[in-house]
Novice: 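Provided herewith is a single structure, encoded as structure tokens, for subsequent inquiry.
Order of the sequence lines fixes the chain letters, A, B, ..., with proteins taken first and strands second; residue numbering starts at 1 for each chain.
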2 protein chains.
Amino acid sequence: MALSRSGKTGPLSDLIVVDLTRYLSGPYCTLLLADLGARVVKIESPGNGDDSRYVPPIEDGKSAYFMSINRGKESIALDLKNPEHRAILENMLEGADILVENFRPGVMDKLGYSAEFLAGRYPSLVYGSISGFGQTGPWRDLPAYDLVVQALSGMMSINGYPDGPPTRVGTSIGDLCAGVYAALAILAAVNERRRTGRGSRVDVAMLDCQVALLESHYMRHNVTGEEPGRVGSRHPLITPFDTFACADGYIVICTVGDAMYRNLVKAIGLPELQEHPLYRTPKDRLANGEALKSELEAHLGKAGREHWLKIVGEAGIPCSPINSIPEMADNEQLKARGLFVNVEADGFSYRAVRTPVRTRPGHDPAFSERAPMIDEHGDKIRAELADAG
Amino acid sequence: MALSRSGKTGPLSDLIVVDLTRYLSGPYCTLLLADLGARVVKIESPGNGDDSRYVPPIEDGKSAYFMSINRGKESIALDLKNPEHRAILENMLEGADILVENFRPGVMDKLGYSAEFLAGRYPSLVYGSISGFGQTGPWRDLPAYDLVVQALSGMMSINGYPDGPPTRVGTSIGDLCAGVYAALAILAAVNERRRTGRGSRVDVAMLDCQVALLESHYMRHNVTGEEPGRVGSRHPLITPFDTFACADGYIVICTVGDAMYRNLVKAIGLPELQEHPLYRTPKDRLANGEALKSELEAHLGKAGREHWLKIVGEAGIPCSPINSIPEMADNEQLKARGLFVNVEADGFSYRAVRTPVRTRPGHDPAFSERAPMIDEHGDKIRAELADAG
């Protein structure tokens with residue numbers, strides 16, 4: 001009657017997750033749980049399945065986007081308006097520890113699976129919802145995209161350069177961070193359940209999560225009354241601590257403290273800047289940051305990144321190249337960390353980024369099981385439920 | 001001999017955390033655990049304490065930065081080179097569930113608290129470390145700042161505009177996201193401990209976490225061979241789905257599907273753009289996105305944000321203002337969600353952003369206890385340890 005545990009080796013291998021999520025925030029949450037060992041059964045609508053199965057790039061008929069976010073999950077196709085299919089879902093929930101969904105608030109109620117119903121029927125179930133604006137408040141029913149959440153949260157207002165427009169963060173942190181916070185909240189609720197036997201209702205809003213990442217800007221505004229703006233890449237309090245253009249690309253240099261500044265200008269061959277009246281003290285340098293950056297870049301532009309990184313690094317000053325994505329993918333430290341995993345699929349193998357935590361030395365919480373086809377595990381799961389019943 | 005549980009009401013109220021963290025990534029991790037109910041005892045060096053106590057803005061002699069990231073924790077000052085003080089730490093670890101630190105790798109070994117020592121002496125302890133590059137690999141000993149991590153991960157290469165420089169994300173997501181992932185990994189390890197009785201060694205690297213957020217860019221590069229670049233704020237596949245300048249500021253408009261595009265241009269008074277040969281199909285609009293954006297902005301620039309948001313919103317098209325931090329702080333949905341909490345301190349009360357998850361309706365995992373003064377709970381903790389022994 002109930003689903004069995006995953007048989008995986010991770011720290012969550014005793015947990016069973018019923019997964020009604022689609023697109024990004026929800027599937028990222030359940031990817032984390034799957035990578036950490038949980039058995040995750042993804043419910044998809046018959047026919048098309050998760051809409052994100054059609055997001056490009058498409059490789060061998062499969063969305064690489066979908067394939068990388070849904071690794072290590074099982075799939076069963078269920079029509080939640082069909083009574084027989086509903087019985088299967090309800091049967092699964094009997095033995096599940098966690099239910100996750102990221103529908104618009106109200107959709108679960110319309111399906112007959114309100115939070116009240118679920119809490120009454122499955123009192124030990126941890127029921128987690130991810131939505132744009134949360135399950136409460138006047139905006140709960142409004143649609144949200146990552147771009148809307150980044151705009152409303154203030155994130156775009158502090159991302160970019162002062163002379164440029166507000167800028168969306170180049171990755172979908174609105175979705176992704178909500179997924180990570182939701183996984184955290186779900187595990188906190190699982191912890192409580194072991195003590196009380198009771199499940200929980202976990203409510204995570206993308207907008208709340210985005211604002212949480214702006215904590216220090218909110219705090220600064222509250223304490224000083226200032227409106228935090230865009231400062232490009234520079235450190236707001238320390239100079240030079242910024243990006244610098246070299247002849248063939250950009251690097252970052254981070255000086256902390258007076259001695260480090262002096263070491264920097266000596267090392268790169270501008271010793272006269274040590275006692276320059278505009279740049280003598282940290283305060284001078286902060287006040288004349290733009291002028292100092294121009295002087296440094298005029299000089300750094302005469303040679304390439306490798307040349308300068310060697311000199312600056314050997315002077316004991318934190319610095320690094322600004323990597324492109326292919327350069328990052330080739331980084332020796334990331335390779336040594338085993339951050340990239342091979343996922344084998346029939347006729348299509350791909351690489352993915354594992355969940356970036358380790359809970360045992362040498363044991364990465366990554367499973368090279370590929371993402372499922374629609375309803376790939378449907379028969380197996382139906383048989384499992386029937387056998388046990 | 002052991003510390004008692006927190007007496008808080010959150011889902012982690014049975015957990016005791018010994019907290020050796022400083023600055024941001026580690027303290028943010030333990031803030032999440034504290035907000036969710038754990039008892040967190042922060043160990044600080046006698047005298048100055050956590051260096052982040054001196055980060056501006058300073059209000060009433062206290063760093064608002066420190067005060068907001070260290071809410072709800074206790075503080076005891078211990079000199080980890082003093083044998084008596086070490087005995088107190090070791091005494092605390094006997095009864096603790098979790099130890100968190102974010103020293104440079106190797107520092108704990110030098111202090112005599114290597115992972116091997118801790119695992120031998122406290123076999124059920126979950127020991128979590130956050131570092132720039134992780135506990136393994138050739139770069140483990142290098143210093144890392146948020147800027148360095150953002151640069152190396154590729155995050156800066158995809159943040160910003162194509163005609164501008166690579167751009168640091170305007171908040172310290174390198175630190176903050178590592179803190180969230182670490183809290184998640186620690187709770188996963190706590191879950192495993194309940195089954196096995198054994199503790200874990202949790203190893204979280206800021207760089208790994210940053211790369212994990214670039215999952216789809218990494219995947220795209222791998223599948224297509226492309227180098228993902230900066231695209232500003234626009235959607236890479238859909239147009240118009242971007243920021244737009246109005247007379248008094250910026251808004252975002254997100255059209256999905258052909259019908260929504262037609263509704264948009266009709267609603268704002270540019271019906272002729274529906275069948276314009278450059279913009280007729282989604283493919284046309286993507287190919288001629290810059291020209292379309294210019295036409296739209298030339299028109300939207302004739303009135304203010306409120307005017308256009310009303311018209312576009314009423315046409316059923318997702319849109320929103322790009323809020324500044326003060327505008328965000330005044331948002332009615334965030335207020336209704338109770339995301340901002342008052343923290344009362346002697347002579348200095350402040351507001352902070354609570355951990356953005358709820359595990360019970362109406363119950364926010366936020367504690368309005370303020371951050372501690374250095375060693376504020378030292379005597380109480382010493383007495384507690386002595387009493388119980």
Novice: Determine whether a donor-acceptor pair (N or O, by modelled atom type, separation under 3.5 Å) exists between the side chain of B:N191 and the backbone of A:P11.
Specialist: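 Yes, the answer is positive, given that a donor and an acceptor are paired below the 3.5 Å cut-off.
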Novice: Would B:V202 and A:R358 count as a side-chain contact (heavy atoms from CB on, under 4.5 Å) if you check the C-alpha gap in whole Å, the side-chain angles of each, and the deciding distance to 0.1 Å?
Specialist: CA-CA 5 Å; B:V202 172; A:R358 279 174 164 163; over 6 Å; no
Novice: Contact part of B:H217 toward chain A, heavy-atom cut-off under 4.5 Å: side chain, backbone, both or neither?
Specialist: both
Novice: Please check if the side chain of B:S233 supplies one atom and the backbone of A:R168 the other of a donor-acceptor pair under 3.5 Å.
Specialist: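 Yes.
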Novice: With a 4.5 angstrom heavy-atom cut-off, is it the side chain or the backbone of B:E327 that approaches chain A, or both, or neither?
Specialist: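 Neither part.
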Novice: Side-chain donor-acceptor pair under 3.5 Å between B:R337 and A:T136, yes or no?
Specialist: yes
Novice: Looking only at heavy atoms, what is the nearest atom pair of B:M328 and A:V211, with distance?
Specialist: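 So the minimum-distance heavy-atom pair works out to SD-CG1, 3.7 Å.
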Novice: Below 4.0 angstrom, N of the basic side chain to O of the carboxylate: do A:R354 and B:E215 qualify?
Specialist: no
Novice: Taking only residues two or more places apart in sequence, or in another chain, which ones meet B:H235 in a ring pair (Phe, Tyr, Trp, His ring centres under 6.0 Å)?
Specialist: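 Result, ring pair (Phe, Tyr, Trp, His ring centres under 6.0 Å) vs B:H235: B:F241.
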Novice: If you compare all heavy atoms of A:G199 against all heavy atoms of B:R360, which two are closest, and at what distance to 0.1 Å?
Specialist: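 Looking at all heavy atoms of both residues, the closest pair is O-NH1, 3.2 Å.
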Novice: Using modelled atom types only, decide if a donor and an acceptor are shared between the side chain of A:Q333 and the backbone of B:G134 within a distance under 3.5 Å.
Specialist: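 It does not hold such a pair.
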Novice: Checking heavy atoms, do the side chain of A:L32, its backbone, both or neither come under 4.5 Å from chain B?
Specialist: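 For A:L32, the contact with chain B is made by the side chain alone.
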Novice: Quick one, A:E226 and B:P326 - any side-chain contact, counting heavy atoms below 4.5 Å?
Specialist: no
Novice: Would you say that B:P356 contacts A:Q210 through its side chain, given a criterion of any heavy-atom pair below 4.5 Å between the two side chains?
Specialist: no
Novice: Counting only non-hydrogen atoms closer than 4.5 Å, does A:L152 touch chain B with its backbone (N, CA, C, O), its side chain (CB onward), both, or neither?
Specialist: both
Novice: Quick one: does A:T167's side chain have a donor or acceptor within less than 3.5 Å of a partner on B:G232's backbone?
Specialist: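 No: the side chain of A:T167 does not pair with the backbone of B:G232.
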Novice: With a 4.5 Å heavy-atom cut-off, do A:L184 and B:L36 have their side chains touching?
Specialist: yes
Novice: Are the side chains of B:R220 and A:P56 in touch, meaning some heavy atoms are under 4.5 Å apart?
Specialist: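 B:R220 does not reach A:P56 side chain to side chain.
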Novice: Kindly give the heavy-atom pair with the smallest separation between A:R195 and B:G10, and that separation in Å.
Specialist: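 Heavy-atom minimum between the residues: NH2-O, 4.0 Å.
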Novice: Taking only residues two or more places apart in sequence, or in another chain, which ones meet A:Y65 in a ring pair (Phe, Tyr, Trp, His ring centres under 6.0 Å)?
Specialist: none
Novice: I need the residue from A:L237, A:V148, A:V204, A:N222 with the largest number of non-hydrogen atom pairs under 4.5 Å to chain B.
Specialist: A:V148
Novice: I need the residue from A:I158, A:I322, A:D203, A:D146 with the largest number of non-hydrogen atom pairs under 4.5 Å to chain B.
Specialist: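 Of the options given, most contacts go to A:D203.
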Novice: Is the distance between the ring centroids of B:Y218 and A:F340 under 6.0 Å?
Specialist: yes
Novice: Heavy-atom distance under 4.5 Å between the side chains of A:Y250 and B:M156, does that happen here?
Specialist: no
Novice: Go through B:Q150, B:R230, B:M155, B:R198 and name the one with the most non-hydrogen pairs under 4.5 angstrom from chain A.
Specialist: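 Looking at each of B:Q150, B:R230, B:M155, B:R198 in turn, B:R198 comes out on top.
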Novice: Checking heavy atoms, do the side chain of A:V190, its backbone, both or neither come under 4.5 Å from chain B?
Specialist: side chain
Novice: Does any heavy atom of chain B fall under 4.5 Å from the side chain of A:R194, the backbone, both, or neither of them?
Specialist: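 For A:R194, the side chain is the part near chain B, not the backbone.
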Novice: Test A:Y145 against B:V256 for side-chain contact (heavy atoms from CB on, under 4.5 Å), laying out the working first.
Specialist: CA-CA 11 Å; A:Y145 291 104; B:V256 180; 3.2 Å; yes
Novice: Which one of A:S216, A:S200, A:C177 has the most heavy-atom pairs closer than 4.5 Å to chain B?
Specialist: A:S200
Novice: Chain A: which of B:G313, B:A188, B:A212 shares the most heavy-atom pairs with it under 4.5 Å?
Specialist: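 Most pairs with chain A among the choices: B:A188.
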